Amino acid sequence: MAEARRRLRSGTVVLGGMGVVAAALTSCGSDPDRRCVDRDSYDYLNGYKVVADSNCKSGSSSSSSYGKSGKNRKSGTRDAAWYYDADVDRGYADYGTFSRSEAVDRGGFGCSGGSGGG
């Protein structure tokens, strides 16, 4: 009976340890969650309005896609940008950051955030 419990416990430890290692590897290796939002649409209760990804370029804001009037021709969005690690609810994103590096630094378990100093 004691041998069966010992085997069960060691199996649980191995499986639990594998889960921790998997979580550490996947949380640091992936890009942060991002949404394209209209920076001019901030609402105190809801946050930023989420717009189509086509309004944002792969870097930060999509200023190069604006027409002469300063608006994106497709959606009328003036200032679309990627918003990282936000809570999204009913088409609005809040409590995130516009800084990709800050979102990566906030990372998950096992990530080395910040700069190395000496």
Side-chain angles (χ1 to χ4, degrees):
M1 182 76 154
E3 188 177 324
R5 262 188 282 165
R6 185 175 300 147
R7 251 187 274 143
L8 176 62
R9 265 187 271 158
S10 65
T12 303
V13 170
V14 169
L15 289 176
M18 289 172 57
V20 169
V21 170
L25 291 174
T26 58
S27 64
C28 290
S30 61
D31 286 332
D33 182 42
R34 68 183 186 181
R35 298 285 194 268
C36 185
V37 300
D38 181 1
R39 292 175 71 128
D40 293 332
S41 69
Y42 186 77
D43 177 85
Y44 180 75
L45 296 176
N46 297 314
Y48 294 97
K49 182 164 180 47
V50 176
V51 296
D53 287 355
S54 61
N55 293 307
C56 290
K57 293 284 183 192
S58 292
S60 53
S61 79
S62 58
S63 58
S64 63
S65 66
Y66 299 150
K68 289 183 180 180
S69 67
K71 283 189 176 183
N72 184 309
R73 292 182 211 147
K74 289 182 183 176
S75 67
T77 303
R78 290 185 190 273
D79 193 11
W82 291 115
Y83 194 52
Y84 298 95
D85 287 342
D87 293 339
V88 180
D89 185 30
R90 290 178 274 136
Y92 285 87
D94 206 2
Y95 305 112
T97 178
F98 287 104
S99 168
R100 183 184 183 283
S101 62
E102 186 179 314
V104 171
D105 284 346
R106 286 197 269 188
F109 175 75
C111 294
S112 57
S115 60

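For clarity, every value in this text was computed on a predicted model and none was experimentally measured. Numbers here are sequence positions counted from 1. Heavy atoms only: backbone and side chains are in, while hydrogens, waters and symmetry mates are out.
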Next on the checklist: Before you tell me yes or no, could you show the steps for Asp85 and Glu102 under side-chain contact (heavy atoms from CB on, under 4.5 Å), namely the whole-Å CA-CA distance, both residues' side-chain angles and the distance that decides it to 0.1 Å?
Outcome noted: CA-CA 10 Å; Asp85 287 342; Glu102 186 179 314; over 6 Å; no
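Taking CG from Asp87 and CZ from Arg35, the interatomic distance works out to 10.5 Å, rounded to the nearest 0.5 Å.
Nearest heavy atom pair, residue Asn46 against residue Tyr92, reads O-CB, 3.3 Å. Residues Val51 and Ala80 approach most closely at CG2-CB, 4.4 Å, considering heavy atoms. Across all non-hydrogen atoms, the minimal contact from Ala93 to Val37 is CB-CG1, 4.1 Å. For the pair Ser99 and Tyr84, the tightest heavy-atom approach, listed with the atom from each and the gap, is C-CD1, 3.9 Å.
Panel note: side chain Ser41, backbone Lys49; a donor-acceptor pair is recorded below 3.5 Å. Remark: side-chain polar atoms of Trp82 are paired, donor with acceptor, to backbone N or O of Lys57 under 3.5 angstrom.
Classification of the Tyr83-Tyr48 ring pair by plane angle, with boundaries at 30° and 60°, yields perpendicular.
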